[in-house]
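Okay, structure first, notes after.
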Amino acid sequence: MELAVAAGGQVGCAVLEELTLAAPLLLPEGDPGSRDRGMQVQVVVGAADDTDRRTVAVYSRRENAPADEPWTLHAEGTLTASAPTASTGHLQWPPADATPVDVSDAYDILHERGYGYGPTFQGLKTAWRRGAEIFTEVELPAQAREDAAAFGVHPALLDAALHGLGLVPPDGAADREQALLPFAWRGVALHAAGADALRVRLTWLSDTSLSMEITDRYGVPVASVESLTLRATSTEQLRAAEPGPGDSLFQLSWTPIAGAPAALPVSWAAWADLADDAVPPEVVVLDAGHGRDAAAVRAATHRALAVLQAWAADSRFAGSTLAVTTRGAVPLPGEDSVDLAGAAVWGLVRSAQSENLGRILLLDTDDSMDLATVLATDEPQVVVRDGAMHAARLARLPAAAEDDTPAGSFGPDDTVLVTGATGTLGRLVSRHLVTRYGVPRLLLTSRRGLAAPGAAELRDELAALGADVTVAACDTADRAALAELLSAVDVTGVVHIAGVLDDGVISSLTPERVDHVLRAKVDAALNLHELTAGRNLSAFVLFSSAAGVFGNPGQGSYAAANAFLDALALHRRAAGLTAQSQAWGLWDDEGGIGGGLTDADRQRLSRTGVEPLTEEQGLALFDLACAGDAATVVPIRLDLAAVAAGNEPPALLRGLVRRPARRGTGNASAAAALRSSLAGLSETERQAALLDIVRTQAALVLGHSGSQAIEPDRAFGELGFDSLSAVEFRNGLNTVTGLRLPATLVFDYPNALVLAAHLDRELATDADGQNGSADTEERVRRILSAIPLSRLRDAGLLDTLLELGGARAESAESAADSAPAASIDEMDAESLINMAFQGLEFDDMTQEL
């Protein structure tokens, strides 16, 4: 109410004619003061109508809400420009015939009725009653009084003005113990602002409505309320309005790309056709291969890994883009064919993209769009179908509809196989299947079976809950062993959790390391898929990882394995089989993957917006995912405010964090600002500034509070850099400087001093046009040669180009004068541009142009 009145005062509508409350504003659970608990509040006042009335509405949503999250309507009403009528105040306080009311235990009584008031809100001091009237005195505590001037009526004081109602219910009230909250206000006027203490006269008009007259401690009118209607509210109704776990359930979607910029010609060649000593084109294309069995998956990922490593290690490709192409690896809705090998390559390459920002394109295509048009979108992941392009976006998954077919329909008649069951998540999910879904029979597998730590205790615990539990030592990637196990058990549901980690940046991976990770995910999942094909399964749930969707740096093999699981779920759905792949974000599981993270790892994830899921949050998301019908889901806790506060959000999150897209591989404006600021400095000052940048970026990556923690002459290796942090460090410096620095930066330049000197040389060289000028010259040639000569002439530039060509251009111009006018238009455009380039130095030409 106070917000609505304040907004009305801004537009000359001093009286709140009416305001109806639609929903309570609830703070999410979390640590006090954290972003997770903050709320955005929005008050909207409409245009004046013919009677000078205006609508008013109050909305809210979480502080870290994505841009597409809807606002919750809390209140709506009408403001009017009519002049408020002030009360004359109270001539005698309290009235002589009023009876005192004991308020010494007022807040204990209110607490028992469901009201919980903190110290700032416990402002009721005295109270009296006279028939249907209640008189109270309320005041702010000392620590809040200095804030009173910031409000029309301080919210805590305004709330305290109603606390006497709980002690003196109206005569004849049906339920004197019920908790009442405001529902509808009428005729509210503010007469004076900033009071820190109030005298309040409340008059019951009915069992659930009253009027209010409010003055300051001296009887000067502060506010008046013609009527306030109250409504009974239960804690269950409040809980129903709380934010749910669905805020952390997402899905990878493919958004049509509209209005892509005009494409410029690009030079390209297939990787297989490049000679060892060839000058690379602008784009190198790798066809990723295809297939659906484990051998095809390995062959495709091994080949992609080899190319990624060779491409990144060869300085010839520093100015080139690698385009990895697949066909059918990323099906759009309605498509029933999935290339599983290509999908695994997508996971691997997504990680390579995050380690080499802006240098790799992933393209799933039907060849209906040329490469130059795709590159012009500046999207790192694109699907092309029938001449239309689609970009990868993470989108919030709608709540399951009543007519959805559950993806994981576990029930009291099921026998569920859980792989990886003796691990942290396996134990958690196994217990949940029994306690939440009433699953009576569990077949729990792991490589060590009952020999695994805690396995026997888990079996006994579940048995005590009434379940029939078998714990078996079985490597599900071993087809024969799994077939033997399944032959003895009538399994009706599958939850595949088993997996292994072997993290490392792309340059450090080997085919053997990749296969180690693929085996636990790919081979096991294919075995489960094929060996249960003839069974009528109620659920086939694959525990995947968000690494396969996001492409986490340093997790290339894990991303490949989990992207395969997501594709397998789609493949099964296309064949009419039940399946769901859940691409989980980080669990805060002690002893599991989350429990093994270092503080630096957690800080790195937090900077990307990823926050760990508690056991309670994770299991709630598991239930929500299983209740829906989506083949693939991404349960992950994202702090989108942290993403928005950083540099440009990744393309995958552009639908959730909307900011203007910046073209290019880095933050061009930041790089330009840096170069401009360095230009006027002496060499000593320049290197000092660059040293500060290096130390600041290193401190950020290593999780230190400030650059002072980075000793300038101490080796990067001693400071705690590993391969993954080295990549993040390089990417950050690339963004700030606009350079393309190698991933081996911290190994090539051993400390901050040496690296700062190197950056100084690189930036000076780049500014002089000596570094990459050939690439720039070729690009300018291409752009100019693509322009029709008639347009150059119409723009008045043709003569300028001819003049720039010097003597060669003069002979061409003479020839042109003696020929028909059309001959200039018919000239080879590239030849004309070449003449201009040969007539003067390239840098001079670009400056003049």
Side-chain angles (χ1 to χ4, degrees), residues 1-22 43 45-46 48-49 51-58 74-91 93-95 98 127-138 151-155 157-166 168-173 180-195 198-216 219-233:
M1 186 271 275
E2 201 273 342
L3 282 170
V5 171
Q10 298 294 314
V11 293
C13 289
V15 175
L16 181 61
E17 191 170 58
E18 61 179 12
L19 186 75
T20 302
L21 307 186
V43 183
V45 176
D49 63 14
T51 62
D52 288 335
R53 286 180 171 81
R54 295 173 181 263
T55 59
V56 62
V58 183
H74 293 289
E76 58 184 341
T78 307
L79 296 161
T80 179
S82 60
T85 301
S87 166
T88 58
H90 305 303
L91 299 179
W93 186 266
W128 300 265
R129 178 169 187 173
R130 184 178 66 183
E133 297 174 303
I134 305 164
F135 303 90
T136 64
E137 291 180 346
V138 298
F151 299 92
V153 182
H154 192 289
L157 201 59
L158 182 61
D159 199 275
L162 297 174
H163 294 176
L165 299 177
V168 190
D171 292 333
L180 299 173
L181 291 180
F183 171 65
W185 303 80
R186 291 185 61 84
V188 179
L190 179 67
H191 311 297
L198 301 176
R199 293 176 177 178
V200 184
R201 178 188 180 186
L202 306 170
T203 304
W204 284 110
L205 304 176
S206 71
D207 287 358
T208 56
S209 66
L210 62 133
S211 64
M212 302 177 67
E213 290 183 11
I214 303 174
T215 71
D216 66 11
V220 177
V222 169
S224 57
V225 178
E226 180 181 326
S227 73
L228 167 60
T229 301
L230 305 171
R231 182 172 280 183
T233 304

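Note: hydrogens, waters and symmetry copies are ignored here, and every other heavy atom, side chains too, is used. If you're wondering where the values come from, they're calculated on a predicted model, not measured in any experiment. The residues of the chain are indexed from 1 along the displayed sequence.
In this view, Ala81 and Cys13, Asp52 satisfy the side-chain contact (heavy atoms from CB on, under 4.5 Å) rule, not counting sequence neighbours. For Ser209, the side chain to side chain donor-acceptor pair (under 3.5 Å) partners two or more places apart in sequence, or in a different chain, are Ser206. Not a single salt bridge (Lys or Arg N to Asp or Glu O under 4.0 Å) links Glu76 to another residue, sequence neighbours left out. Contacts of Asp159 classified as side chain to side chain donor-acceptor pair (under 3.5 Å), with partners at least two apart in sequence or in another chain: His163. Considering only residues two or more places apart in sequence or on other chains, Ala7 meets the side-chain contact (heavy atoms from CB on, under 4.5 Å) condition with Val43, Val45. Under the rule for a side-chain contact (heavy atoms from CB on, under 4.5 Å), the partners of Pro95 that lie at least two apart in sequence or sit in another chain are Asp97, Ala98, Arg130, Phe135. Partners of Phe151 under the ring pair (Phe, Tyr, Trp, His ring centres under 6.0 Å) rule, at least two apart in sequence or in another chain, are His154. For Ala192, there are no side-chain contact (heavy atoms from CB on, under 4.5 Å) partners two or more places apart in sequence or in a different chain.
Of all heavy-atom pairs spanning Pro182 and Leu162, the tightest one is CG-CD1, 4.1 Å. Thr136 and Ala161 make their closest contact through OG1-O, 4.3 Å (heavy atoms, listed as atom of the first residue, atom of the second, distance). Across every non-hydrogen atom of Gly164 and Ile134, the tightest pair is O-CD1, 4.3 Å. Nearest heavy atom pair, residue Leu202 against residue Met212, reads CD2-CG, 3.5 Å. Looking at every heavy atom in both residues, Leu157 comes nearest to Ala195 through CD2-O, 3.4 Å. Taking all atoms of both residues into account, the shortest heavy-atom contact from Met1 to Leu19 is CA-CD2, 3.8 Å.
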- Message: With side chain to side chain contact (heavy atoms under 4.5 Å, CB included) as the criterion, how do Leu79 and Leu16 come out once you've worked through the C-alpha distance, each side chain's angles and the decisive distance to 0.1 Å?
- Response: CA-CA 5 Å; Leu79 296 161; Leu16 181 61; 3.7 Å; yes
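Within the structure, the salt bridge (charged side-chain N to carboxylate O under 4.0 Å, His left out) test picks out the following pairs touching residues 183-192 (sequence neighbours left out): Glu18-Arg186.
Atom OG1 of Thr203 is separated from atom CD of Glu213 by 6.5 Å, given to the nearest 0.5 angstrom. In this structure, the separation between CD on Glu137 and CH2 on Trp128 is 4.0 Å, given to the nearest 0.5 Å.
The shortest side-chain heavy-atom distance between His191 and Val222 does not fall under the 4.5 Å cut-off. Counting only heavy atoms from C-beta outward, the side chains of Thr20 and Phe183 approach each other to under 4.5 Å. By the 4.5 Å heavy-atom criterion applied to side chains, Ile214 and Val153 are not counted as neighbours. Within the 4.5 Å cutoff, the side chain of Leu21 has no heavy atoms near those of the Leu181 side chain.
A donor-acceptor contact shorter than 3.5 Å links the side chain of Arg54 to the backbone of Gly46.
Test Leu210, Leu228, Leu180 against Leu165 for side-chain contact (heavy atoms from CB on, under 4.5 Å) and you get one pass: Leu210.
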